[in-house]
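What follows is a single structure, written as C-alpha cells, with notes after it.
A, B, ... follow the sequence lines: proteins, then strands. Residue 1 opens every chain.
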Amino acid sequence: MSTDYSQEKLTLVNELIYQIKVKEAMSKKVIFFKENVTFREIQLKLKEKKISGVPILDKERNIIGIVSIDDVITAFDKGYVDKKITDYMSRDVITIPQNFSVVSAINRLEKFKVGRLPVTESLDSKKIVGIITLSDILNRLLVVVQSIAEKVQDKEVNNTQISHDLIKRVERKPLRFEVKGDDFDSAGRVASITKKYFQNLGISKDIIRRIAIVCYEAEMNICLHSLGGSMIIEVNRNNAVIYAHDKGPGIPDVKLALKPGFTTASEKIRALGFGAGMGLPNIKRYADKLEIKSSLKTGTELKAIINLGVRNEIK
Amino acid sequence: MEVKDLIRVLDAEVLCGEDFLGQEIIDFGASDLLSDILAYSKDNYVLLTGLTSSQVVRTAELTGAIAIVFVRGKLPPQEAIGLAKSHHIPLLKTDNLMFASCRKIAEELKKEEKNK
Ligand SMILES: Nc1ncnc2c1ncn2[C@@H]1O[C@H](COP(=O)(O)OP(=O)(O)O)[C@@H](O)[C@H]1O
Ligand SMILES: [Mg+2]
C-alpha cells in the first residue's frame, strides 16, 4: 500500500476552507475614504500603506464605491487626478458577507479578478466590518492547519507498511489533540484524522471502523457534555488505546450513563441527530476494553482499548 | 446496484461527487439518528437521511459510506458539501420521502434479484 500523507493534509485544508468563516480570516482594520477626496489623496495613501485599493464609505460606514490603483492610473492618464472621486469611482463593488465561508471569498476573488473584498455585516447590509484578501485567507489557514498539525505529531514516515520499525516509532509518539467544549461543528475532526492515520498503517478496515467510531463518540461527548479536554491515541504493537479526558463537570452516575438510551442532551442536539444516549453503549460495543473514571471535581477520563490483531466478536 | 443507479431509482439530483458514482452498493442505512448509523452500518453502504448538518457527512465518512441521499428535498449547508467533497463522498438529493425512497430501492433490489 502506498498512500502519502500530503493527501491527508489536502483533505484537511479542503475541509477548512468550507468551515472557516470570512469573519475569522478578515482584517478588521479597514483603510477607507469618504467620497469627498481626490484621486491624488488616495494615491498617496495607497503608496504609504502599500495597498492596491480602498473602499469608499459613507457616514454610516456603508460601502458606496471602491478606488483601485488602476483607477488612479487612469485618472493620471486622463488628467482628472486632482478631481474628486465622486463622478469617477466604480460603484459596483463586489463584497462578501462576514458569515460566508472563505471558500466563497476565494471563488469571488477569482471570478471577479479582484484583489480584495470589502466584508459586509450581513447579506443584506452594506455596512463594512472588515476587508479580506487571499493572503488573509492563507494566513488564517496556516494558523489553523498548524494548530491541528502540531497535534498530529511526527507522522511523516516514508514507509507506510506496518513494519516493526514504524510501530516502534509510533509507540513512542501518540497522537494528541485538544478538543473544545461546546463546539459541535468541528466535532469529529480528531476521529477523521485518526482514521486516516490508521489507514496509512495498513490495519484492517473493520478495526479502523471501530477505532473511528470509538473516537468519534468519545470526541462528541467531550464537545457536547464537557467544558473541553483532550484526546490521546496510542498505537501499540497489539492494540490502539484511545484516551479522552475532559475538565468536567463529570458524570454523576457512570453506570446509568452507560445504559442505552440514557441521555442528558438538549432538544437542540437531538434535532441534529445526536443525543440518543447510544454513544457510551456504542463505545462499549466496539472497544475490547473500556474504563471510565469520572469525578465531579476533576472531570471524566475515558480509556478504550481496541485490539489490532484478531478481532473479538462484536457483542 | 451502483450509486449512479440511485439517480434513476429515486429521481435524485447529484449535489457533488460526480466522479465517484461508480461504486457498488453493499448495504443501505436509513435513519435520522446518527448513533444508530454508528452502531449498525456496514462498509460501502449508502446513507439515506432527513438530517442535513455537517455531522451527517462526518458520520458517513467515519463509517465508510460511499454516498449520502438527502430525502424530502432537503439541501445540506455549504459546509456539509465541502466536507463531502473533501472526502470524495457523493451527495444526492431526492424529493421522495424516507419511506417512499426505501420502498423504491427495495423494489429495484427485487428486480435485480429476479434478473440474475
Ligand atoms: N465527558 C462527559 N462529561 C460529562 N457527561 C458525560 C460525558 N460523556 C457522557 N456523559 C453523560 O452520559 C450521557 C450518555 O452519554 P452517551 O451514551 O454518549 O449518550 P449521548 O451523548 O447521546 O447523550 C450523556 O447524556 C451525559 O449526561
Ligand atoms: Mg454521546
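Other residues, nucleotides and ligands contribute more than 12 heavy atoms inside 6.0 Å of the CG atom of A:Asn107. Other residues, nucleotides and ligands place more than 12 heavy atoms under 6.0 Å from the NZ atom of A:Lys21.
Going from atom CG of A:Leu272 over to atom CG of B:Leu34 covers 8.5 Å, rounded to the nearest 0.5 Å. With rounding to the nearest 0.5 angstrom, the OG atom of A:Ser192 is 7.5 Å from the CG atom of B:Leu83.
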- Task: Please report the C-alpha distance between A:Arg209 and B:Lys42 in whole Å, then the side-chain angles of each, then the deciding distance to 0.1 Å, and finally whether the side-chain contact (heavy atoms from CB on, under 4.5 Å) criterion is met.
- Result: CA-CA 9 Å; A:Arg209 244 177 91 73; B:Lys42 298 192 187 118; 5.7 Å; no
- Message: Please determine whether side-chain contact (heavy atoms from CB on, under 4.5 Å) holds for the pair B:Leu38 and A:Glu217, giving the CA-CA distance in whole Å, both sets of side-chain angles, and the decisive distance to 0.1 Å.
- Response: CA-CA 9 Å; B:Leu38 289 165; A:Glu217 292 282 16; 3.3 Å; yes
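Of the atoms belonging to A:Ala271, it is backbone heavy atoms, and not side-chain ones, that fall under 4.5 Å from chain B. Neither the backbone nor the side chain of A:Phe100 comes within less than 4.5 Å of any heavy atom in chain B. Both the backbone and the side chain of B:Asp43 come within contact range of chain A, judged by heavy atoms closer than 4.5 Å.
Residues of residues 273-282 of chain A that come closer than 4.5 Å to chain B, counting heavy atoms only, are A:Gly273, A:Phe274, A:Ala276, A:Met278, A:Asn282, ordered by residue number. Residues of residues 103-113 of chain B lying under 4.5 angstrom from chain A, judged on non-hydrogen atoms, do not exist here. Listed by sequence position, B:Asn44, B:Leu51, B:Ser53, B:Gln55, B:Arg58, B:Thr59, B:Glu61, B:Leu62, B:Thr63, B:Gly64 are the residues of residues 44-73 of chain B in contact with chain A, using a 4.5 angstrom heavy-atom cutoff.
Closest of all the heavy-atom pairs between A:Arg285 and B:Ala39 is NH2-O, 2.8 Å.
Listed by chain and residue number, nothing satisfies the ring-ring contact (aromatic ring centres under 6.0 Å, His included) test with B:Tyr40 (two or more places apart in sequence, or in another chain).
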